[in-house]
Amino acid sequence: MRIEPLSKPPIGTVRVPGSKSLTNRALVCALLADGTTTITGALVADDTKAMAGAVAALGAEVRWEGTTVTVEGTGGKLRPGPVDLFVNQAGTAARFLAPVLALGEGEYRLDGDEQLRRRPMGPMIDALRSLGVEVREEGEPGHLPIVVVGRGSLPPGPIAVGADVSSQFVSGLLLAGVDVRAEGVVVSAPYIRMTEHVRDTLGPAFAVEPDATAASYFWALNALFPDGHVEVEGLGPDSIQGDVRFLDVLADRPFGRLDLRDMPDVAPTLAVVAAFDTGETTTVEGIGFVRHHETDRIKAVVTELRRCGVDTEEHDDGFTVRGGMPHRASVRTYGDHRMAMSLALV
């Protein structure tokens with residue numbers, strides 16, 4: 001795709017699609033709920049379609065009409081196994097559903113494409129086994145595909161789970177009704193609070209907010225174009241999404257040294273903004289775990305900004321960007337939507 005530079009500062013109002021994080025959490029809660037749940041403003045995308053397909057395979061009736069999803073829940077009585085679930089690249093689907101499968105009866109095989117198979121599942125597998133759940137690994141240890149043998153229930157806990165690789169392991173257990181204590185360094189902590197919010201507030205109707213991470217690209221336009229003015233509808237300081245704090249980060253330039261462990265998805269966006277801060281050095285740290293996202297987002301950011309002539313340096317848990325004036329280039333996106341959107345800003 002060829003991206004042409006803007007000929008004038010951007011001015012206008014946009015409404016970004018719904019939050020993937022909220023949509024997939026709501027779908028899991030609706031699967032386990034009694035009766036009908038209507039989810040409005042849902043994101044229509046590969047990952048949410050993968051989750052919805054799995055929810056339907058587990059016994060719920062799912063109907064899509066535009067961005068509205070209606071789910072007839074199972075009341076916690078999942079379709080008995082054997083059931084084969086394939087969730088493509090959806091990390092949230094894999095990590096949220098693994099503990100939910102233990103609530104069913106029988107064998108449930110969970111798998112995804114090669115990209116998802118490379119992402120870690122070890123902490124979830126270990127947690128389930130510590131709860132007495134039989135989990136069989138069919139490939140590389142600690143990765144998909146796995147078979148979860150459901151016995152109809154899960155012990156309520158409490159259980160300690162490491163959250164230094166992904167908060168999604170904690171969220172999955174919380175959605176399945178387990179009392180979880182996050183252990184050690186917790187990354188992406190706002191997503192755990194989001195999980196608790198959806199679990200505790202979901203009723204017959206649930207409205208999904210616009211996606212704050214998707215909004216970050218438009219907020220970044222305001223930072224890149226001082227004479228521009230782009231507003232994002234439907235999001236404000238009272239949002240339950242942690243990435244709205246990106247606005248506070250953008251307001252405090254130059255950035256200097258930043259720990260982004262609580263909002264790692266905006267790290268590529270911030271890197272691009274920092275690349276245009278001539279004469280300034282920005283160091284992002286605390287995000288070593290994003291090497292295990294859709295791609296290694298540290299290496300990818302450094303590699304692609306270098307293609308654009310930006311002086312960048314890779315660290316174990318982040319990167320350094322020395323601002324200048326990036327030039328046009330052909331860049332790779334690694335099949336990762338966050339890389340595609342942030343690099344489009346260049």
Side-chain angles (χ1 to χ4, degrees), residues 1-14 16 210-232 235 242-288 290-291 293-315 317-334 336-346:
M1 179 180 292
R2 186 175 179 86
I3 308 294
E4 293 290 346
L6 294 176
S7 58
K8 59 183 179 181
I11 297 175
T13 301
V14 298
V16 299
D211 192 287
T213 315
S216 75
Y217 311 115
F218 297 94
W219 292 332
L221 282 176
N222 290 326
L224 293 170
F225 291 89
D227 295 329
H229 185 78
V230 180
E231 294 185 9
V232 179
L235 282 173
D243 282 0
V244 296
R245 289 182 46 236
F246 187 54
L247 284 168
D248 298 328
V249 173
L250 289 174
D252 190 19
R253 292 166 70 192
F255 301 122
R257 184 175 294 272
L258 291 169
D259 188 319
L260 290 183
R261 75 182 67 235
D262 280 350
M263 43 179 167
D265 286 344
V266 302
T269 318
L270 183 132
V272 169
V273 177
F276 286 89
D277 281 347
T278 303
E280 302 291 347
T281 298
T282 298
T283 297
V284 171
E285 56 190 10
I287 60 167
V290 304
R291 293 186 183 277
H293 283 192
E294 282 83 341
T295 190
D296 180 342
R297 286 181 177 162
I298 294 175
K299 180 179 289 294
V301 164
V302 169
T303 299
E304 299 314 313
L305 285 182
R306 283 177 176 172
R307 292 186 202 273
C308 299
V310 181
D311 183 6
T312 57
E313 184 180 346
E314 182 179 344
H315 311 297
D317 70 339
F319 51 77
T320 294
V321 177
R322 296 173 183 88
M325 182 51 68
H327 58 64
R328 68 176 61 210
S330 293
V331 295
R332 293 182 58 204
T333 61
Y334 306 88
D336 184 342
H337 59 300
R338 298 294 179 212
M339 290 300 300
M341 291 298 293
S342 58
L343 291 169
L345 290 167
V346 177

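- In this structure, Phe319 and Glu313 have side chains that are not in contact, with every pair of non-hydrogen atoms separated by 4.5 Å or more.
- Between Leu6 and Phe225, some side-chain heavy-atom pair lies under the 4.5 Å cut-off.
- The number of heavy atoms from other shown groups lying within 6.0 Å of CZ (Arg253) is above 12.
- Arg307 CZ: more than 12 foreign heavy atoms inside a 6.0 Å radius.
- At least one donor-acceptor pair closer than 3.5 Å links the side chain of Glu304 to the backbone N or O of Arg332.
- Remark: side-chain polar atoms of Arg297 are not paired, donor with acceptor, to backbone N or O of Pro264 under 3.5 angstrom.
- Taking 4.5 Å as the limit, some side-chain heavy atom of Leu235 sits within range of a side-chain heavy atom of Trp219.
- When all heavy atoms of Ala267 and Ile287 are compared, the pair lying nearest together is CB-CD1, 3.8 Å.
- The two atoms that bring Thr282 and Ala274 nearest to each other are OG1-CB, 3.5 Å, heavy atoms only.
- Judged as a salt bridge (Lys or Arg N to Asp or Glu O under 4.0 Å), and not counting sequence neighbours, the contacts of Arg257 are Glu285.
- Of the candidates Thr269, Val16, Asp265, Thr213 forms a side-chain contact (heavy atoms from CB on, under 4.5 Å) with just one, namely Asp265.
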- Would you please test Glu314 and Lys299 for salt bridge (charged side-chain N to carboxylate O under 4.0 Å, His left out) and show each step? CA-CA 7 Å; Glu314 182 179 344; Lys299 180 179 289 294; 3.7 Å; yes
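- Annotation: the span from Asp252 atom CG to Leu247 atom CG amounts to 13.0 Å, rounded to 0.5 Å.
- Residues Phe255 and Leu250 meet the side-chain proximity criterion, which asks for heavy atoms closer than 4.5 Å.
- Between Val321 and Val310 the shortest side-chain heavy-atom distance falls below 4.5 Å.
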All N/O donor-acceptor pairs, side-chain side in residues 337-346, below 3.5 Å, sequence neighbours left out:
| from | atom 1 | to | atom 2 | distance (Å) |
| --- | --- | --- | --- | --- |
| Arg338 | NH1 | Tyr217 | OH | 3.4 |
| Ser342 | OG | Arg338 | O | 2.9 |
| Ser342 | OG | Met339 | O | 3.3 |

Intermediate values then yes/no, side-chain contact (heavy atoms from CB on, under 4.5 Å), Leu270 and Phe246 | CA-CA 9 Å; Leu270 183 132; Phe246 187 54; 3.9 Å; yes
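- For Ile11 against Gly228, the heavy-atom pair with the smallest separation is CG1-CA, 4.4 Å.
- The shortest heavy-atom contact between Ser216 and Val266 is CB-CG1, 4.0 Å.
- Closest of all the heavy-atom pairs between Ile298 and His315 is CG2-O, 3.9 Å.
- In plain terms, the two heavy atoms of Thr295 and Ala300 that are nearest each other are CG2-CB, 4.2 Å.
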